[in-house]
There are 6 protein chains.
Amino acid sequence: MYPGSFDPITLGHHDIVLRSLRLVDRVIVAVAETATQEKRALFDLDERIELLEDVYRDEPRVTIASFRGLLVDFARAADASIIIRGLRAVSDFEYEFQMALMNRSLSPDIEVIFMTPANRYTFLSSSLVREVARLNGDVSAFVHPIVLEAIKRRVPAKEAGG
Amino acid sequence: MYPGSFDPITLGHHDIVLRSLRLVDRVIVAVAETATQEKRALFDLDERIELLEDVYRDEPRVTIASFRGLLVDFARAADASIIIRGLRAVSDFEYEFQMALMNRSLSPDIEVIFMTPANRYTFLSSSLVREVARLNGDVSAFVHPIVLEAIKRRVPAKEAGG
Amino acid sequence: MYPGSFDPITLGHHDIVLRSLRLVDRVIVAVAETATQEKRALFDLDERIELLEDVYRDEPRVTIASFRGLLVDFARAADASIIIRGLRAVSDFEYEFQMALMNRSLSPDIEVIFMTPANRYTFLSSSLVREVARLNGDVSAFVHPIVLEAIKRRVPAKEAGG
Amino acid sequence: MYPGSFDPITLGHHDIVLRSLRLVDRVIVAVAETATQEKRALFDLDERIELLEDVYRDEPRVTIASFRGLLVDFARAADASIIIRGLRAVSDFEYEFQMALMNRSLSPDIEVIFMTPANRYTFLSSSLVREVARLNGDVSAFVHPIVLEAIKRRVPAKEAGG
Amino acid sequence: MYPGSFDPITLGHHDIVLRSLRLVDRVIVAVAETATQEKRALFDLDERIELLEDVYRDEPRVTIASFRGLLVDFARAADASIIIRGLRAVSDFEYEFQMALMNRSLSPDIEVIFMTPANRYTFLSSSLVREVARLNGDVSAFVHPIVLEAIKRRVPAKEAGG
Amino acid sequence: MYPGSFDPITLGHHDIVLRSLRLVDRVIVAVAETATQEKRALFDLDERIELLEDVYRDEPRVTIASFRGLLVDFARAADASIIIRGLRAVSDFEYEFQMALMNRSLSPDIEVIFMTPANRYTFLSSSLVREVARLNGDVSAFVHPIVLEAIKRRVPAKEAGG
């Protein structure tokens, strides 16, 4: 299980999904519903799920799901024994470490493992993509073409640029 | 003086209070009023103070107070010469370090000292407890029984879990 | 170009501007418009620009500007080839590093360089100044006299302190 | 494959091995020969391997090996597609991150994943165990009984303590 | 008890000693003998103790001692219930945190507290002082006059500088 | 001035040199003599200088030099007013920050600025290159062809690999 807010999925997330498929048979990309209620969201829950389903349409080993409530409860219900998290930087690490220890305390039978995306994606984050997209910057190097199209529909390029 | 937002007090905070009592004669647990106005609060100022008073009812060396305005002004008014802060992680440290230097700049006669909670509480924070509690997770390992009861009254367990 | 939100400019920012003038001929202090819409702002965009113009009234090599849209687009439009950023702490560093790599990806011809303020300002930040000022603390050691006057007009000292 | 210097194996390492066995079928604990030439070593290569073999005598899914040369070359030769590393703290993370990116650059087909030991072992390291053991401190809470016996033979308790 | 290697004591250490005296009645500055055997040492154990005794000659509340073996054993033998450590930076913090948890595990009745030196000393360390001194740099701003004299005798200024 | 140990110069260093040339007219790549006496060195001082001179043979704006003594003294003697340092990671940052503040204390007229190499070099370091080279790994992606040849002469590939 690879949980997150995916607003939107970046090429960094995508890279982690592809790497995960080399380790495990099946990956559930799980969108946290609680994370979709932020006021600075770009896509709502249904849109995020639709984008993820489009991106992984031809990959039968990837399932898309959403969950509310505790991640570990959903993982157990979905029969997932491994939670995969991406690590890019020290600030990621501290938060993820705290969450991993809390999740282990809540559910000792589920293991959290960390993976790093390709070096060229280590500076990428959904929030940076949202920010650049909102300012009409070019995010084509950071997201899947399907997501790029959705962003363009959501944030129409201004006539006179930036 | 041990200042914080205490929404709610965790076993990590409690551990720091108990350790402080081995160093100093008297500890003032001071709830910052400004910190109680966040929209994601679980307990309001009066409830936090009531919970703290219940937890330390039998410990005459612990006093509960609230303050508005600058911490160092309140510390001076309360005749407290030491401010105690807990440290769990690097991100804590950076913020606390910055605050300690600012406080020292504002009031050179008050000293800030840092203590670490027991290892089993290093991943705990009030915000994690609030988040898990709101998702109906079990926080009994993280808070005092008195606080657990208050959380259960505040966030009733749902019928069908999660 | 030295971009930021400057709400308000601190002596740490000022120190970076003075140091920059030893490296380059001309510095554009650029206020990000998007950063001025936060609800916890102390000064609005026009006020920030006015304060900056007052502070640098006698320094012809410093220009004040504001921008909306992407920083790199504005830098290119203003013919600035260097973006200067201040570094105080590890948490600064991680965020700045991510932004620098993103900006380089968006615009490879603009270089980001980092400078550190004088040691006595390493704990200073605009948000700390705002917080202390709102609590009627004395910020005269942290901001330029012109800014201090503006803060006093904005946050009148209470009669009985704190 | 779980590589390291294991001088000696701690309960933190042991915890990672046990957790790994829940994810993969077979774990090769691989002692780096180059790491055994430090002058502050407690056990030499043969002793480390012997201790590891004793600790995992009854666990057929764990194999002990040593390697010289590049880790990724050995992993490939041993047909291991996953390298497991433990993460305890930020300083670990930075070094491991650098190594993971270097290894990926040298051998893109081998994936590095990170796991965290149980919370009670997050402060443990082989070097701390060696240091405490050399000063005749009690390390029984930090190492396997088999390792404890070996340490006692190596560092006899002094008559008059510390 | 304030333990360290003190090769040599810097104004940062001195600042922590002075601050400690505001919190506790009596401070034992304890030089670790094991730390004196490094090949890059500037002063040997006896010299460090002599320098410390000179610096605190007129401060009866400061005692100088040296110890071998475990710090917590020495603290207990010296009837010290508090170990004081200075914190300057994140890298300090991680190491100190690990040591504090190890010491607590070895001796739960001794508490470690952390203090920060004055802002102007946050970049100072004994190793930096040694390095600058060996290169004939001016360290008068970083050490006590007594220590400065000892350094000058140890590292005579070269004729032609640098 | 761009100081370092350069044992050997990596493509990350090279990238910083090229970026520096966009900011300043002339760069002195300065090899610290004190850094050449480590026992784990791959190239000695003369070899490092020779390699650097070969790499920058066709770039008249780059000068190679070596220095002993304090960096700031050498910078002043060479009439360099800016010291350039590369930043890759948090651990770099802390050390560099400490050094920058020390250098500024020793010589307030010399400014230290930080630059980041291209993203693909953020995990590179001379020590990693040395380690991989010694283990007969392929470092062609990390160093200039001239340096690669020198490494091959220094560390002949073994017959049977690894």
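So that the names make sense, note that chain A is the first sequence line, chain B the second, and so on, each numbered from 1.
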Engineer: Roughly how far, to the nearest 0.5 Å, is the CD1 atom of C/Ile113 from the OG1 atom of F/Thr116?
Structural biologist: 11.0 Å
Engineer: Side chain, backbone, both or neither: which part of C/Leu101 has a non-hydrogen atom closer than 4.5 Å to chain F?
Structural biologist: side chain
Engineer: Considering residues, nucleotides and ligands other than F/Asp109, do more than 12 of their heavy atoms fall under 6.0 Å from its CG?
Structural biologist: yes
Engineer: Count the heavy atoms belonging to other residues, nucleotides or ligands that lie under 6.0 Å from CD of C/Glu50, then report whether that count exceeds 12.
Structural biologist: no
Engineer: Between F/Glu111, F/Arg104, F/Met115, which residue shows the highest count of heavy-atom pairs closer than 4.5 Å to chain C?
Structural biologist: F/Arg104
Engineer: Sort by residue number and list every residue of residues 56-66 of chain C having at least one heavy atom under 4.5 Å from chain F.
Structural biologist: none
Engineer: If only atom types and distance count, is the side chain of F/Arg22 paired as donor or acceptor with the main-chain N or O of C/Ser81 below 3.5 Å?
Structural biologist: no
